[in-house]
Amino acid sequence: MLRSPVIIALDWDAFYCSVEEHFNPELRKIAFAVKQKGIICTCNYVARALGVKKLQLLVDALKQFPDLAIVNGEDLSRYRDASKELWYFARDMVWGGKVERLGFDELFLDVTDMIDFNIALLDNLHVPGASSHPVSSFFFRMSKEDPSVGFSCPVLTVAGNLATGSLPGDFRGDNLRLVLGSHLCHYIRSQILDIKGYTSSGGVSINKTLAKMAGASHKPNQQTVLFPEFAQDFLDTYDIGRIPWIGHKSKSIILDAIYKGTDSVNHTMEGARDGTVFNVRHLANKQLFINSLGQSAGDKLWDLLHGVDQTGVQPTPDMPTQISIEDTFKSLTSLIEVHNVLRRLSYSLLDRMYIDLMDSDGGWLGHPQTARLSTRPRSTGYYGSRISRSDSLPSIVFSNSHSRDYIVDYLVDRCWMPLFSKLIGDAKIFDIVLLNVAVINIEKAPAKSSDITSFLGKKKHTDNNQLDGVHREELPVTKRAKVVGEYADSKGPRFNFLGDDEDVIFEEDNYGESCVVCGQRMMSFALEAHMRFHELGD
DNA sequence: CTGGGACCTT
DNA sequence: AAGGTCC
Ligand SMILES: Nc1ccn([C@H]2C[C@H](O)[C@@H](COP(=O)(O)OP(=O)(O)OP(=O)(O)O)O2)c(=O)n1
Ligand SMILES: [Mn+2]
């Protein structure tokens with residue numbers, strides 16, 4: 001018999017605020033918001049009780065609530081660190097590490113295997129001929145190996161809320177599996193609160209979308225289970241725009257297709273068109289979705305309206321596939337200003353690479369292939385539209401023999417500024433409100449072992465082949481060329497020194513500092529990121 | 001002056 | 001390279 005997956009969706013409550021409260025508990029008692037430039041990106045529940053909204057304009061909120069405390073959240077470092085810590089902590093509890101991350105504060109846990117294993121334990125308590133399980137609770141094992149690790153799990157009651165308030169007729173089969181899932185969800189949330197100090201909202205159902213929507217129906221610090229027999233009732237009352245993966249564009253396309261011709265004058269008004277799942281399901285059909293959205297998206301979104309989500313939990317790799325840093329401004333019109341901003345962004349970007357792409361030995365776990373520069377012109381197109389240019393990422397960023405300052409200078413002058421010129425075209429006149437620097441197409445380094453301390457290579461960013469990794473020990477070791485300061489030369493030093501006749505630029509000893517934790521030697525500029533690596537553990 | 005991201009598809 | 005989704 002086919003069994004449904006058991007999926008848990010977790011969402012940390014008022015996440016950025018919770019992180020701020022973690023480091024400054026005084027904040028817990030007062031209404032406060034986290035802002036980025038002119039917008040409140042989130043606020044704590046004390047503030048929400050007053051009426052402060054997520055994503056509200058800062059000026060509006062302060063007009064209405066002059067005493068609202070404000071914390072600047074433009075630097076995401078601490079939120080990213082906390083997010084990673086909670087992610088790893090939750091992942092350690094899930095067999096097979098089947099955890100997918102969405103943004104900084106949501107996780108999808110595929111706990112199907114854990115449920116199946118424990119259902120089998122429960123079945124062994126079953127008396128042949130009895131109509132139901134003879135026990136009201138049993139010991140849910142969190143470890144296959146150690147039978148003492150786990151929690152006491154009721155089997156006749158559900159933990160937390162019921163979506164649509166509905167209990168199924170029986171607690172058998174897939175329903176029983178979700179009952180156990182609800183208690184597992186509660187246990188995991190308790191661990192996260194007790195050990196890490198963060199409250200969360202949880203949803204339990206048979207796929208990611210239903211679990212996520214169930215969880216969102218009762219916040220904060222609560223959980224909700226949605227049994228599949230009630231999924232359609234649950235969904236039908238929602239506006240399609242509130243279904244995950246149906247954003248503004250998709251909703252507009254769908255409603256345009258449904259109401260084509262019937263409402264051509266006045267569909268700019270929201271509310272003129274009924275966008276509930278129930279209505280859309282009955283006025284449209286799968287073919288209409290496919291015709292308007294394309295085969296792939298049409299198929300997928302039509303299924304979603306019926307509670308069908310085939311996308312399983314895709315475990316998120318430890319290494320990101322892209323890293324980007326951006327800043328916004330009123331207006332930027334001169335090259336010197338652009339140069340200065342790019343410099344600052346490049347320092348941050350390098351630090352991020354050291355934190356997220358380096359192991360504790362200072363070796364690279366992955367290598368971005370491409371550098372991308374994005375900007376937003378002040379007033380062309382709709383708000384938010386960006387333009388970008390990309391090029392091969394110079395391999396000097398992987399060098400451990402150049403100073404941070406030198407690498408940043410090189411990046412700005414040889415990479416970002418040329419890309420910026422390409423972006424603004426011949427006129428050389430510009431007015432931009434955003435700059436974003438990114439390293440993308442991050443490819444995993446050959447997982448040889450921890451003795452790969454460095455990889456220095458260069459590929460065209462269009463090249464899709466495998467990295468030809470090189471062991472440090474295999475490289476000819478020569479005295480590092482004195483390149484710092486030689487940079488005024490129009491050609492500059494060459495950094496494409498693998499597979500070329502150029503000698504490898506390595507300084508084997510007498511460089512940098514030692515890590516006080518592990519003793520690894522590294523350039524001083526990498527030490528700060530390295531220490532954060534230790535703090536986060538691995 | 002409506003953040004600062006990250007990921008996926010076309 | 002652009003456009004879409006999510007947080
Ligand atoms: N458009 C968005 C949405 C979210 N976030 C950030 C701020 C949030 O703190 C965090 C998590 O997003 P949530 O939507 O889960 O919001 P919160 O966790 O803050 O609140 P809630 O308790 O409703 O989950 O991501 C953001 O910067 N921009
Ligand atoms: Mn949240």
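In what follows, every chain begins at residue 1, and chains take the letters A, B, ... in the order their sequences are listed.
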Cationic tip of Lys251(A) above Tyr238(A) ring, under 6.0 Å, 45° of axis: no
Distance, rounded to the nearest Å, where Ile246(A) contributes CD1 and dC6(C) contributes P: 9 Å
Whole-Å distance separating the OH atom of Tyr383(A) from the C1' atom of dC1(B): 7 Å
Thr328(A) side chain near dC1(B) phosphate (N/O to OP1/OP2, under 4.0 Å): no
N/O donor-acceptor pair under 3.5 Å between Glu100(A) side chain and Lys98(A) backbone: no
NZ or CZ of Arg48(A) within 45° of Tyr45(A) ring axis and under 6.0 Å: yes
Leu419(A) to Ala371(A) - nearest heavy-atom pair and separation: CD1-O, 4.0 Å
Sugar-phosphate only, base, or nothing, as touched by Arg389(A) at under 4.0 Å among non-hydrogen atoms: sugar-phosphate
Atom-pair distance (CD1 on Ile432(A); C1' on dT2(B)), nearest Å: 17 Å
Touch class at under 4.0 angstrom, heavy-atom based, for Lys249(A) against every strand present: sugar-phosphate
Atom pair distance, as rounded to whole Å: CG in Asp81(A) and P in dG5(B): 13 Å
Flag, side chain of Asn279(A) to backbone of Asp274(A), donor-acceptor distance under 3.5 Å: yes
Given dC7(C), dT2(B), dG4(B), the nucleotide with the shortest approach to the side chain of Lys212(A): dC7(C)
Distance test, side-chain N/O of Thr321(A) to OP1/OP2 of dC7(B), below 4.0 Å: yes
Among dC7(C), dG4(B), dC7(B), the nucleotide that comes nearest once only the side chain of Asp11(A) is considered: dC7(C)
Phosphate OP1/OP2 of dT9(B): any Lys300(A) side-chain N/O under 4.0 Å: no
First encountered from the 5' end of DNA chain B, between Gly73(A) and Phe329(A): Phe329(A)
Along DNA chain B (nearest heavy atom to each residue), the more 5'-positioned of Val433(A) and Asp75(A): Val433(A)
Sugar-phosphate only, base, or nothing, as touched by Ile325(A) at under 4.0 Å among non-hydrogen atoms: sugar-phosphate
Nearest listed nucleotide, side chain of Ile387(A), among dA6(B), dA2(C), dG4(B): dA2(C)
Distance below 4.0 Å between Ser385(A) side-chain N/O and dA2(C) OP1 or OP2: no
Verdict with reasoning, Arg404(A) to Asp351(A), per salt bridge (charged side-chain N to carboxylate O under 4.0 Å, His left out): CA-CA 9 Å; Arg404(A) 194 161 164 266; Asp351(A) 283 345; 3.0 Å; yes
Whole-Å gap separating C1' (dG4(B)) and CG (Asn436(A)): 9 Å
Separation of dT5(C) P from Ile243(A) CD1 (nearest whole Å): 14 Å
Closest nucleotide among dA6(B), dG4(C), dG4(B) to the Tyr382(A) side chain: dG4(C)
Phosphate OP1/OP2 of dA2(C) contacted by Arg386(A) side-chain N/O (<4.0 Å): no
Closest approach of Leu235(A) to Leu305(A) (non-hydrogen atoms, all atoms of both residues): CD1-O, 3.7 Å
Touch class at under 4.0 angstrom, heavy-atom based, for Arg101(A) against every strand present: nothing
Sugar-phosphate only, base, or nothing, as touched by Glu326(A) at under 4.0 Å among non-hydrogen atoms: base
Sugar-phosphate, base or nothing in reach of Leu57(A), heavy atoms under 4.0 Å: sugar-phosphate
Given dG3(B), dC6(C), dG5(B), the nucleotide with the shortest approach to the side chain of Leu102(A): dC6(C)
Under-4.0 Å side-chain N/O to phosphate OP1/OP2 contact, Lys35(A) with dG3(B): no
Among dA2(C), dG4(B), dC6(C), the nucleotide that comes nearest once only the side chain of Leu76(A) is considered: dG4(B)
Atom-pair distance (CD on Glu100(A); P on dC7(B)), nearest Å: 11 Å
Which nucleotide in dC7(B), dT5(C), dG5(B) has an atom nearest any side-chain atom of Pro320(A): dC7(B)
Sugar-phosphate only, base, or nothing, as touched by Arg352(A) at under 4.0 Å among non-hydrogen atoms: sugar-phosphate
No-hydrogen, no-angle side-chain donor-acceptor test under 3.5 Å, Glu337(A) and Ser334(A): yes
Given dC6(C), dA1(C), dC7(B), the nucleotide with the shortest approach to the side chain of Gln322(A): dC7(B)
Phosphate contact (dA2(C) OP1 or OP2) by Ser388(A) side-chain N/O below 4.0 Å: yes
Sugar-phosphate only, base, or nothing, as touched by Ser331(A) at under 4.0 Å among non-hydrogen atoms: nothing
Distance below 4.0 Å between Ser296(A) side-chain N/O and dT9(B) OP1 or OP2: no
Value in whole Å for how far the P atom of dG5(B) lies from CD1 of Ile442(A): 14 Å
